[in-house]
Each structure stands twice: as C-alpha cells, then as structure tokens.
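The block underneath contains the structure these notes are about, expressed in structure tokens.
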Amino acid sequence: MSHPPETQDAMMRLSQLFTKTSKESSKSDVSRNAQLLTRAGYVDRLMAGVYQYLPLGLRTLGKIENIIREEMNAIGAQEVLMPSLHPREIWETTQRWDKVDVLYKLSSDREGRGECDLALGPTHEETVTPMVGGFVQSYRDLPVHVYQIQTKFRNEPRAKSGLLRGREFRMKDMYSFHADQADLDAFYDRAIQAYLNVYKRVGLGETTLVTFASGGVFSKYSHEFQTISPYGEDVVYRVPGTHTAINKEVIEDTDALKDIIPNYKPGDEKNLEELKAIEVGNIFKLGTRFSSAFNVSFTDKDGQVKTPVMGCYGLGPSRLMGTIAESMGDDQGLIWPEEVAPYKVGIINLKVGHAEADKASADAYAKLNAAGVEALLDDRDLSVGVKFADMDLLGLPWQLIIGPRGLEKGAVELKQRATGERSELSLDAALQKLAGR
RNA sequence: CGGGGCGUAGCGCAGUUUGGUAGCGCGCAAGUUUUGGGUACUUGAGGCCCCCGGUUCGAAUCCGGGCGCCCCGACCA
C-alpha cells in the first residue's frame, strides 16, 4: 500500500494534501466566505456562482449534509435521489416552462438547431409529484415525506457572494403529501423544529431567525430561516428578544404582524429591530397546486376521491457552508464549529526532523486515530510562522502544538481556535481532553 | 437588465495617458541561512499581455467588434 489507510478516512497528513493555502485571494471574489474558503483551499471557483469542492471543503459540505439528513430522517422523511435532467413536458404540465426565468433550458438535438426540450432542475415539484402520486391511492398511503440532497441549477441573473448565491449549488429539498390540511400543518411545524435543530448543530442557532415571509403564488405566507449577517441580502425585522422575525416584504401586512407580535396593536411594528440576514432555508405550504396539475388523487375514509395537499421545504447545504464561513471567520481565517469542521484537531509538529518532536507528533496522530478523533497532521518542514498561520486559516476547532521546547519539560500546547485560548499540558492529558466527550 | 470597474506568469498587481515585442510581489525549483507566529539572501524556471479584426515599419498600449469577471442596483418558489 502506497498510503497508510488513515489518509483515506479520518486522518490526513498536510504533506499529502494536494491543495495549499494562499496569502492572497482573488480580487474578483470579494465576499468573506469566498475569500476565506478559497485561500484555505476548501473550494475553487470555476466561474461565477459555480465552485468545485476540494478535499477539505468536501468534508465540511458532507458533514453539513449529514446533519441535515439526520434531522430529516428524524421526522420520518425518506431519502430519494431525483434527476437533474428533466423533460420539457413536465414543466409544461405545471405551466412553468416559460414562467420560471431561472430555468436552464437545453436542447437534446445533437445538431444543436432544435427546440429546447430539456431542463436542468431548479426545484423538483415536477418530478416528485408524479413519482409519489404513482404510489398513493388511499388515505392509508398518506402522509408521504420525501427529500433529496442534490445539485440544483438556477440561472441566476446575478450569481454572487461566493457560496451564498450560486448558479449550481447543493440543495436539500423535501416534499410532503397529506390527506388534509391539519396533517400538513402538523408536519410543517415539525419541519420547523427539524430546521432549527440543523442550524443549532452547525453553530448558527443563536443567529438564525424563523421569519414570516411572502408566500408567493402558492399560499399567502411562507417561513424563511434567516441568519443575521451584515453581508445578508435580505432585510428582516426581529421581535426584540426573540428568534422570530418578519421579512421586509410583508412588513405592511397586518395579519402577518399579528402573527409574530404578541397582543399586536397598530404601531407596534416600530419596535421591531431591523437586521440584514442571509436566507438559509425556506418552507412553503403548496396546497394542491402540483398534486392537481399531475392528477394525483386518493380515496379518503369517506370514499371520496380527494387531492393531497403538499408542502415543500428547502435548505441549501452549500449556502449554509458559505454562511458559516461568512459569519464565523476572523482576520486570521475560518473558524468551524466542531460538527462541521473537516477535522476536529490540527497537530502542528513545530520541528520536523527533530526526533522527539517527530515521535510525539506521530504518537499523537496515531492515538487520536485510534480514539476516533479526526485529526490533520502538519508534518511539513516549514517555518513555524507559516504553520501557525496556515492552521489558523484552516479553522479547525483545536490545535495541538508539539515542539522541542515544550517536550523538554514534558508539555504540549492545546489551542482553541475560536477563543485563541491556549493551555500547556502533558501529551496524554491533551489527547484525553480531545478524545473526551 | 441598468450604472460603474476590470481582464498582463498558478495567484495578487504595475506597465496602457506619451506605440519600440514585458516587470514586481507571492508561490514554484536549486542552494546558503534561519528555527515557538508568514526568516533573510543568491540563482533559476515560468507569459497566444481575454479573443477576433483594423491602423502602423512596429500594438499589452491606438481604433472597431466580441467574450468573460467583479461591485452597486433591479431580480431572487
């Protein structure tokens, strides 16, 4: 074997990682998340709004997606994978072929002269509705909740802000089908809770607001999940002291205000707190807009043929990754919460080639591996300044700093990236702390 | 889709006003040096100057036309 098994999985030697960090970043990618993620070698931009995920970035993206997956599974949703390539016909069925302006349309004519007859999926009501409909005949078959995590395509008029607004991006989209409105309403509330769990686990719990927003064409209102950020594109008004808000687009709406402000009286909206925010999730009650378009029906308890009511629930892992980078980085680099960091700890061997430092570092690396703690070992023979700076840029939650000076007195250093807090302790104590739950 | 800016080495930039066939920093290679917060120095490799056309003895530079990128706004199931 040319590589030790650990490089395939939980462990990585920085000397083996093909990406590198950079001091400078592209001037044409100005947002903080794009700058930091690019400089640290997490992502690479191919074109406006289209990024490739490098090993470190892919690990973080994967962790975010797994958190979302766990929370969706926990409310009884089942995972599927639908295609990106759609026939024109299904978009004609819902009359959205010409209405959805972000729809990428393709021609399957190999001469390139024919009409467009394919689309790249920007959303999947058109595929999920007939798919689920084929399995639903009775009220006993309902409810159904399915989701997928998949790459979406939207021809944004202006892709920008790094991972925050892409033309190709990762999306978790869930669709629910119910026998009646009450069942939809109940599931909708559970979905809100599941979403809040996701934001909490990725470290955005405190700054993410459940926001009353416009419902668009399907229903009067929808709910957005908005993470407070000066870089956000949306303006929301928060009810002070709470995690609820109302989007600027419906601030004039008295019904909406009554819904979020307890004992609302006219004028109370002046007390709301205006904030900029990034939309990190959006859920809707769709009613029967799609189920009736595709003639999906079921026989209810009373023998009547009815149309299921639907909900849809979007959450973009790549945008979420950008939002975390955007709101948690500092001048030194990224700062990842443990649940989404590509590795929990970065081991810095300050003096590669020094027998004791090499030994202690290898020892720490092996023991962390054995304990199931994901670790990245900086075993490059570079000056310490570079290694400290790089590790700060990568943003792993913990740094285990091992060098000759400390080893002389039997100590290593453990640094917490987020706080900068450092402590000197024995290697065993440090390993125990890292492996501790 | 409006307004503004930009496109020169892998990356960040200068050079364009006043045409004379390219330069700096980072990174990269070799070496000396240094060693607990991006060490200092030496040498070297690396460029269809976004594309197409025009003017000219000669174009990164001037003129036409494309394409692409970023920022502000519009837009954003």
Can you tell which of B:C69, B:C72, B:G38 lies closest to the side chain of A:Lys160?
-> B:C72
Rounding to a whole Å, what distance do you find between A:Lys99:NZ and B:C75:P?
-> 19 Å
Check: A:Glu24 side chain, B:G27 base, donor-acceptor under 3.5 Å = no
With respect to the side chain of A:Lys351, which nucleotide from B:G37, B:C70, B:U35 is positioned closest?
-> B:U35
Whole-Å distance, A:Leu382 CG to B:U33 P, equals 18 Å
Toward the 5' end of RNA chain B, which comes first, A:Arg45 or A:Asp101, by nearest nucleotide?
-> A:Arg45
Pair partner, B:G27 [Watson-Crick or wobble, under 3.5 Å] | none
Looking at A:Ser22, does any N or O in its side chain come under 4.0 Å of the phosphate oxygens OP1/OP2 on B:C11?
-> no
RNA chain B nearest-nucleotide lookup for A:Met47 and A:Arg165: closer to the 5′ end is A:Met47
Do A:Gln399 and A:Asp392 have a side chain donor and acceptor closer than 3.5 Å?
-> yes
What does A:Asn282 touch in the nucleic acid at a heavy-atom separation under 4.0 angstrom: a base, only the sugar-phosphate, or nothing?
-> nothing
Tell me: CZ of A:Phe153 to C1' of B:C76, nearest whole Å?
-> 18 Å
Per A:Ile401 side chain, nearest of listed nucleotides B:A74, B:G36, B:C76 = B:G36
Nearest to side-chain heavy atoms of A:Arg158, which nucleotide of B:C71, B:C75, B:U39 | B:C71
Closest of B:G37, B:G36, B:G38 to the A:Glu413 side chain is B:G36
Give the rounded distance in Å between these two atoms: NZ of A:Lys23 and P of B:G25.
-> 13 Å
Classify the nucleic acid contact of A:Gly406 as base, sugar-phosphate or nothing, counting any heavy atom under 4.0 Å across all strands shown.
-> base
Report which part of the nucleic acid A:Glu279 touches: base, sugar-phosphate, or nothing (heavy-atom distance under 4.0 Å, all strands).
-> nothing
Separation of B:G37 C1' from A:Asp392 CG (nearest whole Å) | 9 Å
Can you tell me if A:Asp379 and A:Tyr365 form a side-chain donor-acceptor pair at under 3.5 Å?
-> no
Just jot down the side-chain contact (heavy atoms from CB on, under 4.5 Å) partners of A:Val352, sequence neighbours excluded, or say none.
-> A:Asn349, A:Asp358, A:Asp381, A:Lys387
Checking B:G38, B:C69, B:A74 against the side chain of A:Ala48 (C-beta onward), the nearest is B:C69
Who pairs with B:G19 - Watson-Crick or G-U, where each distance is under 3.5 Å | none
B:G2 - base-pair partner by Watson-Crick or wobble geometry, distances under 3.5 Å = B:C72
Calculate the interatomic distance between A:Asn247 atom CG and B:C76 atom C1'; express it in whole Å.
-> 12 Å
How long is the line joining CZ of A:Phe18 and C1' of B:C28, in whole Å?
-> 17 Å
Closest listed nucleotide, where the reference is the side chain of A:Glu156 and the choices are B:G37, B:C76, B:G38 | B:C76
Could you tell me whether A:Lys20 contacts a base, only the sugar-phosphate backbone, or nothing, with contacts defined as non-hydrogen atoms closer than 4.0 Å?
-> sugar-phosphate
Would you check if there is a donor-acceptor pair between the side chains of A:Thr123 and A:Glu125 at a distance under 3.5 Å?
-> yes
Let me know the distance between CD of A:Gln399 and P of B:G36, rounded to the nearest Å.
-> 17 Å
Within the structure shown, what part of the strands sits under 4.0 Å from A:Arg39 by heavy-atom distance: base, sugar-phosphate, or nothing?
-> base
Should A:Glu374 and A:Arg59 count as an ion pair when the cut-off is N to O under 4.0 Å?
-> yes
Any sub-3.5 Å donor-acceptor pair from A:Lys344's side-chain atoms to A:Leu434's backbone N or O?
-> yes
